[in-house]
Amino acid sequence: MKKFFLFLAVAGLMTFSANAAFAQDADDAAPAAEEVAAPAAEEPAEVNPFDTTNDVPLNQALKTKFIEGGAGFMSLVLVCLILGLALSIERILYLAFSRTNTTKLLNAVEEALANGGVEAAKEVCRNTRGPVASIFYQGLLRMDQGLDVVEKTIVSYGSVQMSLMESGLSWISLFIALAPSLGFLGTVIGMIQAFDAIQSAGDISPNIVAGGMKVALITTVGGLIVAMILQVFYNYILAKIDNLTIDMEDASIRFVDTLTKQAK
């Protein structure tokens, strides 16, 4: 439940930030339109977000391209980005809070076992956050059943903790696949619009085809950019999980060695 509320908080914050950015752009554009009256016959200049020589802010240029790409499909791509980033940030925060100084924890558990026994070691694990402390606690609960049972418990509960750390990754991978798919769908629809325009006009001039082709290309670019951004976060999360897994396995082996010494 805590992870769900954290995800909602991150998603809401990102959505609020996006809406605030669009509102700010609208407020900035209104006074400019009042001060400078452009001729009615003039068409707005084409905005290229990749052209660094113009004076148009990058966020304004991206918003222009977003509208030109079609609000329907570009909104779906943006939703994939917001939800994917929210899940990624939630996983990064969860993994950051899951990291434990295993050497310090092992020393504290060993000292507690020597001075206060199993109950004192359980108290140390209860007061320490992270999957490693949870694994130790589950092992200590079964100390009266023998070291073999403790070792099997540690292995089993380690798998449970692995599943908890990987929770939500399937949704991130879904948005990584869904964003470019929506972009390609927009490409197909843009091509259909282009051919419809050609059929209606009975001509194949570039001006007729350009509109549909622009929608097709912009949606494709948007979907690919979202997928690349989420892929970077996804791989970073996997790397963090691998590091935590190595720490868990190493700490579990050392923990069993500590219990074996205490049993002797």
Side-chain angles (χ1 to χ4, degrees), residues 1-15 17 80-113 116 118-143 147 149-177 229-260 262:
M1 185 63 69
K2 291 181 180 178
K3 292 187 291 183
F4 176 71
F5 284 120
L6 180 60
F7 165 71
L8 289 181
V10 173
L13 180 60
M14 295 179 66
T15 306
S17 300
C80 289
L81 176 62
I82 292 174
L83 294 179
L85 285 178
L87 286 168
S88 300
I89 294 172
E90 185 271 332
R91 281 292 89 191
I92 291 172
L93 292 176
Y94 177 84
L95 296 175
F97 291 139
S98 298
R99 180 165 292 279
T100 307
N101 189 335
T102 55
T103 302
K104 182 179 178 181
L105 176 60
L106 279 167
N107 292 334
V109 169
E110 186 173 2
E111 182 180 353
L113 284 171
V118 176
E119 292 301 323
K122 289 181 183 178
E123 188 65 25
V124 171
C125 295
R126 275 196 295 264
N127 295 330
T128 305
R129 70 185 181 191
V132 176
S134 299
I135 292 172
F136 288 1
Y137 183 77
Q138 293 297 321
L140 290 170
L141 285 177
R142 292 160 179 82
M143 273 292 293
L147 289 177
V149 175
V150 170
E151 189 171 355
K152 291 179 181 178
T153 301
I154 290 174
V155 173
S156 301
Y157 204 71
S159 301
V160 173
Q161 291 297 322
M162 277 288 298
S163 300
L164 291 176
M165 288 191 295
E166 294 175 352
S167 175
L169 289 184
S170 58
W171 289 104
I172 299 176
S173 61
L174 170 65
F175 293 128
I176 291 173
I229 292 172
L230 295 181
Q231 187 68 53
V232 171
F233 280 94
Y234 182 80
N235 282 55
Y236 175 76
I237 292 169
L238 287 181
K240 295 283 288 183
I241 291 175
D242 288 340
N243 291 334
L244 285 172
T245 303
I246 293 172
D247 288 342
M248 286 169 51
E249 292 176 350
D250 180 63
S252 298
I253 294 172
R254 292 158 61 190
F255 178 63
V256 172
D257 291 340
T258 299
L259 295 181
T260 304
Q262 291 292 329

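- Rounding to the nearest 0.5 Å gives a distance of 12.0 Å between CG of Leu238 and CZ of Arg91.
- Phe136 contributes atom CZ, which lies 4.0 Å from atom CG of Leu106 (distance to the nearest 0.5 angstrom).
- Closest heavy-atom contact between Leu230 and Leu85: CD2-N, 3.6 Å.
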Using the rule given for side-chain contact (heavy atoms from CB on, under 4.5 Å), can you reason through Leu141 versus Thr153, listing the C-alpha separation, both sets of side-chain angles and the distance that settles it, and then say yes or no?
CA-CA 10 Å; Leu141 285 177; Thr153 301; over 6 Å; no
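- The NZ atom of Lys240 sits 12.0 Å away from atom OG1 of Thr245, with the distance rounded to the nearest 0.5 Å.
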Stepwise, does the side-chain contact (heavy atoms from CB on, under 4.5 Å) test hold for Arg254 with Thr102?
CA-CA 10 Å; Arg254 292 158 61 190; Thr102 55; 4.2 Å; yes
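- Judged purely by distance below 3.5 Å, without hydrogens or angles, the side chains of Gln231 and Asn235 pair a donor atom with an acceptor atom.
- Of all heavy-atom pairs between Ser98 and Pro131, the closest is O-CD, 3.1 Å.
- Between Arg99 and Leu244 there is a side-chain heavy-atom pair separated by less than 4.5 Å.
- Put simply, the side chain of Glu151 does not reach to within 4.5 Å of the side chain of Ser252, judged on heavy atoms.
- Going from atom CD of Glu123 over to atom OG1 of Thr128 covers 9.5 Å, rounded to the nearest 0.5 Å.
- Atom CZ of Arg142 is separated from atom OH of Tyr157 by 9.5 Å, given to the nearest 0.5 angstrom.
- With rounding to the nearest 0.5 angstrom, the CD atom of Glu249 is 8.0 Å from the CE atom of Met162.
- Among Ile135, Val132, Leu105, Leu140, the one residue that satisfies the side-chain contact (heavy atoms from CB on, under 4.5 Å) test with Phe255 is Leu140.
- Other residues, nucleotides and ligands contribute more than 12 heavy atoms inside 6.0 Å of the CD atom of Glu166.
- At least one donor-acceptor pair closer than 3.5 Å links the side chain of Ser163 to the backbone N or O of Ser159.
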Decide yes or no on side-chain contact (heavy atoms from CB on, under 4.5 Å) for Leu87 and Phe175, but give the supporting numbers first.
CA-CA 10 Å; Leu87 286 168; Phe175 293 128; 3.7 Å; yes
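- Taking all atoms of both residues into account, the shortest heavy-atom contact from Gln161 to Ser134 is NE2-CB, 3.8 Å.
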Go through the steps for Thr100 and Asp247 under the test side-chain contact (heavy atoms from CB on, under 4.5 Å), then give the verdict.
CA-CA 9 Å; Thr100 307; Asp247 288 342; over 6 Å; no
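- Checked by atom type and distance alone, the side chain of Asp250 never pairs as donor or acceptor with a backbone atom of Ile246 at under 3.5 Å.
- The shortest distance between side-chain heavy atoms of Met165 and Met248 falls below 4.5 Å.
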